[in-house]
**Q** 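Here it is, the structure, as C-alpha cells.
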Amino acid sequence: MSKKNSRKILLLPGDGIGPEVVSEVKKILNWFNSKKSLDFSFEEELIGGASIDVNKIPITDEVFYKSLESDAVILGACGGPKWDNLEFSKKPERALLKLRKELKLFANLRPAICFKQLVDSSTLKPEIVSGLDIMIVRELTGGIYFGEPRGIKPIENNQRQGINTHSYTTNEIHRIAKVAFDLAKKRKNKVTSCEKSNVMEAGVLWREEVQVIKDKEYKSVELNHMLADNCAMQLLRNPKQFDVILADNLFGDMLSDEAAMLTGSLGLLPSASLGAKDKNGKIRSLYEPVHGSAPDIANKNLANPIATILSLSMALRYSLDLDKEADQLDAAVQQVLDDGLRTKDILSKGKKEVTTTEMGDAIISKLK
Ligand code: NAD
C-alpha cells in the first residue's frame with residue numbers, strides 16, 4: 001500500500017508520568033502507521049527534568065530546533081520534586097515557557113467535555129454537565145502577564161507598590177478572534193467573547209475589535225459579548241449554553257480552569273497551543289495534557305493516558321488535517337469508557353480498573 005500522508009511529529013515525554021502517557025500515544029501512532037497507511041515519522045527527545053539530568057538544561061537548542069521543524073509537538077509533562085530546589089530560571093518548567101514563547105503560541109485551546117459515562121465525577125448535577133462540550137480559546141502571549149510597566153517598587157511612607165499592565169493591540173485581538181471564529185465554524189457556530197468592558201478600556205477595545213472581525217469576515221457565526229465575571233457564573237449555572245468561549249490571557253486562564261473542573265478529572269483533559277502560520281502556511285503547535293507530571297503515581301502504571309491521547313486527537317484535527325482519524329480516536333475513547341474500563345483516578349463502583357498500558361491497548365482495540 002502506498003504511504004500518502006507523511007507527517008513529522010516530535011514527542012517530548014518529559015518527567016513523572018509523562019513517559020508513561022506518551023508511550024500510549026506512540027502505540028497509537030504505530031497503529032495508524034501500520035493499519036491506515038499513514039506515515040507518521042516520530043522522534044522522541046528529552047525535555048524538563050529529564051533533560052536537566054543529561055544536558056544540565058531543560059531544553060537543548062537541538063530539541064528546540066526539532067520542534068520548529070515538526071508538524072506537531074506532543075508533550076507529556078515537566079517537573080517534579082527532584083528539581084524543585086533549582087532556581088527559577090533553571091527549573092524544568094522553563095522549557096515549556098521557552099517553547100510557548102519561541103514558537104509564538106498565542107492561542108490556547110482547552111476543550112471542556114463531560115463524557116456521559118463519567119458524569120458522576122463532576123461536582124455539578126448530572127443534568128447540568130452531561131454532554132457538555134465547550135471550547136475555551138485563551139489568548140496566551142499578551143495582556144497583563146506580559147504588559148509593561150511591571151514590577152514592585154518602593155513608594156513614600158515605607159510602602160511598596162506592585163504594578164502590572166493590561167494591554168492589547170488591535171492585531172493581537174484580531175488574530176485570536178479569528179482562531180475562535182474558525183473553530184466555531186467547525187462546531188456549533190457560536191462564540192461568546194468575554195472581557196470587562198464595564199470597567200476596563202482594554203476591555204472596551206477587545207469587545208469592539210472582536211465585533212469588527214465578526215462583521216467583516218464571519219457574518220454567519222453567532223457572536224455574544226459577556227462580562228467575564230458573568231461568564232464565570234454562567235459556567236456553573238448553565239454551561240451548556242456555550243460553544244466557543246473567547247477570552248484574554250488573564251480571564252481565559254481562570255475560565256478554562258473553572259470549565260475544566262466541570263468535567264471532573266484532570267486525567268481526561270487535553271489542550272492545544274497554536275501559533276501564527278509560517279510562510280508555508282504551517283501553523284506551529286504544541287499539544288499536551290492539562291495535568292502535570294503527577295510524581296505521586298509516576299512509574300506505577302496507574303496514570304490515565306486519555307488526556308494525552310485526546311491531545312493527539314487534537315493534533316490530528318488542528319495540525320495534521322486528519323479529521324477522520326481524530327473522530328475515530330475520539331470514538332474509540334468513548335467506547336472504552338462505555339465498556340466500563342477506568343484507570344484508578346476515574347474508578348467508580350461497578351467499573352473495571354485498568355492500568356495505563358491496558359487503557360492504551362483497549363483504545364487501540366476499538367480503533368480496529
Ligand atoms: P499534577 O497535575 O501533576 O497532579 C495533581 C493530582 O492529579 C495528583 O494527585 C496526580 O496524581 C493526579 N493526576 C494528574 N494527572 C493524572 C493522570 N493522568 N492520571 C491520574 N491521576 C493524575 O499537579 P501537581 O501535583 O501540582 O504538579 C506536579 C508537578 O507537575 C510539578 O512539578 C508541577 O510544576 C508540574 N506541572 C507541570 C505541568 C506541565 O508540564 N504542563 C503542568 C502542571 C504541573
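What you see is a predicted model; the values in this text were computed from it and never measured. Indexing begins at 1, ligand by ligand and atom by atom, following the structure's order.
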**Q** Nearest protein heavy-atom contact for atom 17 (C) of ligand 1: which residue, which atom, what distance?
**A** N304 N, 3.7 Å
**Q** Check this for me: does any side-chain nitrogen of one of K66 and E69 sit under 4.0 Å from a carboxylate oxygen of the other?
**A** no
**Q** Please determine if R187 and D133 form a salt bridge, counting it only when a charged side-chain N lies under 4.0 Å from a carboxylate O.
**A** yes
**Q** Does the protein place any heavy atom closer than 4.0 Å to atom 41 (N) of ligand 1?
**A** yes
**Q** Applying a strict 4.0 Å limit to heavy atoms, is A307 in contact with ligand 1?
**A** no
**Q** At what distance is the nearest protein heavy atom to atom 16 (C) of ligand 1, and which residue and atom is it?
**A** I17 CD1, 3.9 Å
**Q** What do we get for K344 next to ligand 1 when only non-hydrogen atoms under 4.0 Å count, side chain, backbone, both or neither?
**A** neither
**Q** In terms of residue, atom name and distance, what is the protein heavy atom nearest to atom 12 (C) of ligand 1?
**A** A294 CB, 4.4 Å
**Q** Heavy atoms, side chains only, cut-off 4.5 Å: are V191 and V221 in contact?
**A** yes
**Q** Looking only at protein heavy atoms, which one is nearest to atom 14 (C) of ligand 1, and what is the separation?
**A** H291 CB, 3.7 Å
**Q** Only distances under 3.5 Å count here; give the side-chain donor-acceptor pairs of residues 134-143 to other protein atoms, sequence neighbours excluded, each with its distance to 0.1 Å.
**A**
{"unit_1": "R138", "atom_1": "NE", "unit_2": "N249", "atom_2": "O", "d": "3.2"}
{"unit_1": "R138", "atom_1": "NE", "unit_2": "N249", "atom_2": "OD1", "d": "3.0"}
{"unit_1": "R138", "atom_1": "NH2", "unit_2": "N249", "atom_2": "OD1", "d": "2.8"}
{"unit_1": "E139", "atom_1": "OE1", "unit_2": "T141", "atom_2": "N", "d": "3.1"}
{"unit_1": "E139", "atom_1": "OE1", "unit_2": "G142", "atom_2": "N", "d": "2.7"}
{"unit_1": "E139", "atom_1": "OE1", "unit_2": "Y168", "atom_2": "OH", "d": "2.9"}
{"unit_1": "E139", "atom_1": "OE2", "unit_2": "T141", "atom_2": "N", "d": "3.4"}
{"unit_1": "E139", "atom_1": "OE2", "unit_2": "T141", "atom_2": "OG1", "d": "3.2"}
{"unit_1": "E139", "atom_1": "OE2", "unit_2": "G142", "atom_2": "N", "d": "3.4"}
{"unit_1": "T141", "atom_1": "OG1", "unit_2": "R175", "atom_2": "NH2", "d": "3.3"}

**Q** Does the protein put any heavy atom within less than 4.0 Å of atom 25 (O) of ligand 1?
**A** no
**Q** For ligand 1, does L302 get within less than 4.0 Å through its side chain, its backbone, both, or neither, judged by non-hydrogen atoms?
**A** neither
**Q** Could you tell me the residue and atom name of the protein heavy atom closest to atom 2 (O) of ligand 1, and the distance to it rounded to 0.1 Å?
**A** G292 N, 2.7 Å
**Q** Between E358 and K352, does at least one N-O distance fall below 4.0 Å, as a salt bridge requires?
**A** no
**Q** Can we say D330 and R317 salt-bridge, meaning some charged N sits less than 4.0 Å from an Asp/Glu carboxylate O?
**A** yes
